[in-house]
Number of protein chains: 2
Amino acid sequence: MDMRFDLAQNGAAPAALRPRPIDACTICLVRDAAICADLCDADRAALSRIGRRVSVKAGQTVMWEGDDSSIVANVIEGTLKLSTSTGGGREQIVGVVYPSDFIGRPFGARTPHSVTALTDARLCLFPRGSFDGFATGHGALQHRLLQRTLDELDRTRAWMLLLGRKSAREKVATFLIDIGRRLRGDRDGVIALPLSRQQIADVLGLTIETVSRQMTDMKRQGLIDLVGRRGVRLVDEAALERLAEIS
Amino acid sequence: MDMRFDLAQNGAAPAALRPRPIDACTICLVRDAAICADLCDADRAALSRIGRRVSVKAGQTVMWEGDDSSIVANVIEGTLKLSTSTGGGREQIVGVVYPSDFIGRPFGARTPHSVTALTDARLCLFPRGSFDGFATGHGALQHRLLQRTLDELDRTRAWMLLLGRKSAREKVATFLIDIGRRLRGDRDGVIALPLSRQQIADVLGLTIETVSRQMTDMKRQGLIDLVGRRGVRLVDEAALERLAEIS
DNA sequence: CGATAAGTTGATAACGTTCAAGGCCAGTGG
DNA sequence: CCACTGGCCTTGAACGTTATCAACTTATCG
């Protein structure tokens with residue numbers, strides 16, 4: 001799918017050309033959870049006309065750290081990572097986003113971190129300028145965006161405690177508890193991790209070897225089960241929580 | 001100064017009792033930089049009537065992690081730290097705020113981190129409920145709050161890279177560069193640190209000994225000068241920037 | 001000027017990284 | 001259906017950075 005942004009698509013077409021527009025929002029999977037949830041139908045339709053639906057493949061980078069902030073988007077489907085890196089190439093994942101989350105930097109000139117799809121994903125993409133303009137005129141949208149940003153800031157600050165003060169074991173335990181809360185497992189309780197070992201390391205500020213060692217250790221102790229490369233079952237969640245030192 | 005919050009103070013007094021109210025905002029040091037900057041005089045006066053000016057002493061904690069979110073505030077004067085800690089008492093400073101910054105958790109039930117004055121400080125304090133109500137009706141205020149929160153989130157995520165991926169030396173160098181940008185030094189170029197060594201350690205996710213060693217090492221190399229306990233001069237800022245690995 | 005908290009310095013040990021090799025799984029082609 | 005391939009993950013050994021523990025020094029304030 002073409003990722004380039006075509007401004008021409010966003011001008012309002014002459015009314016005659018869209019007598020009964022099929023509104024993408026009516027069938028949207030996240031319409032009640034995303035930031036557009038509180039808009040009335042008319043406003044939602046207007047916002048929808050500003051943006052377009054886009055698919056991205058796993059591994060594809062949607063925005064680059066330091067680039068001009070030219071697009072923002074709602075995540076409709078899939079998981080993506082937000083990351084920054086040092087000049088030397090060391091990477092830190094600063095966030096993982098799920099369906100209904102919002103990505104990009106509205107009201108700002110620069111994208112402060114890269115956004116990369118971890119799985120195949122679908123986005124509802126807006127040119128930043130148009131989005132900013134729309135949001136400025138719609139308090140409900142801005143309020144939802146504010147709520148979401150405040151929540152994200154809280155979660156990010158909690159993660160700083162992990163990065164600065166927790167041991168490798170505590171970090172991995174916290175990660176497993178956290179992922180367990182977001183992604184319910186299948187009927188066997190097996191959670192499909194959206195992250196590779198390297199990516200888990202990049203979330204926790206560790207090396208891949210340390211993550212691997214901690215996880216096999218926890219398996220040996222009967223705290224978790226590892227099934228295949230991407231599966232985990234939290235066997236003793238209470239013990240993990242104790243390990244995680246969650247305040 | 002009494003920190004307890006007295007709701008009675010916030011009810012509007014009978015009009016007869018305030019014929020020409022002396023508006024605290026007209027002499028406010030941060031009125032053009034805080035979130036209330038874009039309000040018209042009438043709205044600003046209305047907001048002012050909701051809140052009150054409060055002084056706090058260095059060391060005093062204004063809000064506690066996990067408490068009900070009952071107040072929010074603008075910082076008028078002074079420096080404060082935001083911090084979280086593990087059950088075991090390990091602390092991580094998740095933010096440092098300066099005059100015109102906003103503190104507290106609007107639109108949320110819990111305070112996610114403690115707020116403690118590092119220096120004597122003055123705040124413009126609002127009961128959270130009243131503030132939320134006012135903000136909901138005033139798009140300009142909410143927009144400013146959103147801008148500020150987005151900026152803070154960007155800064156916080158940049159700090160995650162430091163916590164997760166930088167060495168002790170890089171951390172200290174980054175800290176010095178960062179503080180140098182916020183606090184201009186005196187005519188000798190000496191910056192008065194608002195943080196003790198322990199607090200610097202708590203910002204960087206290090207121990208006090210490591211911070212001390214890195215700083216005396218940098219002094220030995222002629223990168224910085226240490227004057228007294230709270231003074232630093234950045235002698236070779238370019239070298240520090242190179243050390244900091246700022247992307 | 002003396003008391004005391006804050007900071008520095010040193011020795012030692014632990015934790016996590018680094019480097020290196022080997023194993024395992026998923027996808028591909030025979 | 002099996003062998004082959006390549007990437008991902010695991011395991012091991014050695015090293016290095018930072019934490020820990022303890023003693024000492026210095027700045028600051030009454």
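Each chain gets a letter, A, B and so on, in the order the sequences are listed, and its residues count up from 1. Keep in mind it's a predicted model, so treat the numbers as computed, not measured.
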Does B:Arg233 come within less than 4.0 Å of B:Asp186, counting only side-chain N to carboxylate O? no

Using the closest heavy atom to pick a nucleotide of DNA chain D for each, name whichever of A:Leu226 or B:Gly205 lands nearer the 5' end. A:Leu226

So, A:Arg242 and A:Glu170, do they make that salt bridge, N to O below 4.0 Å? no

Rounded distance (Å) that lies between atom C1' of C:dC19 and atom CD1 of A:Ile208: 14 Å

The answer to which of A:Ala168 and A:Gly228 contacts DNA chain C further toward the 5' end, by nearest nucleotide, is A:Ala168

Integer-rounded Å distance: C:dT8 C1' and B:Met218 CE: 16 Å

Given C:dT9, is OP1 or OP2 found less than 4.0 Å from the side-chain N or O atoms of B:Thr216? yes

Separation of A:Leu204 CG from A:Gln92 CD (nearest 0.5 Å): 8.5 Å

Value in whole Å for how far the C1' atom of D:dA19 lies from CG of B:Asp202: 14 Å

Does A:Arg157 pair with A:Glu152 as a salt bridge, N-O distance under 4.0 Å? no

When rounded to whole Å, the CD to P distance for the pair B:Glu209 and C:dA13 reads 17 Å

Should A:Arg110 and A:Glu65 count as an ion pair when the cut-off is N to O under 4.0 Å? no

Between CZ of B:Arg213 and C1' of D:dA19 the distance, given in whole Å, is 9 Å

Nucleotide nearest B:Ser196 (side chain, heavy atoms from C-beta), chosen from C:dT9, C:dG7, D:dC9: C:dG7

For a quick check, tell me whether the side chain of A:Arg229 and the base of D:dC8 share a donor-acceptor pair closer than 3.5 Å. yes

Separation of C:dG7 P from B:Leu193 CG (nearest whole Å): 10 Å

Rounded to the Å, how far apart are A:Asp217 CG and D:dC9 P? 18 Å

Options C:dG7, D:dC9, C:dG16, nucleotide nearest the side-chain atoms of A:Thr210: C:dG16

Ignoring hydrogens and geometry beyond distance, is the side chain of A:Arg197 in donor-acceptor contact with the base of D:dT10 at under 3.5 Å? no

Whole angstrom value for the distance that separates P of D:dG16 from CD of B:Glu170: 18 Å

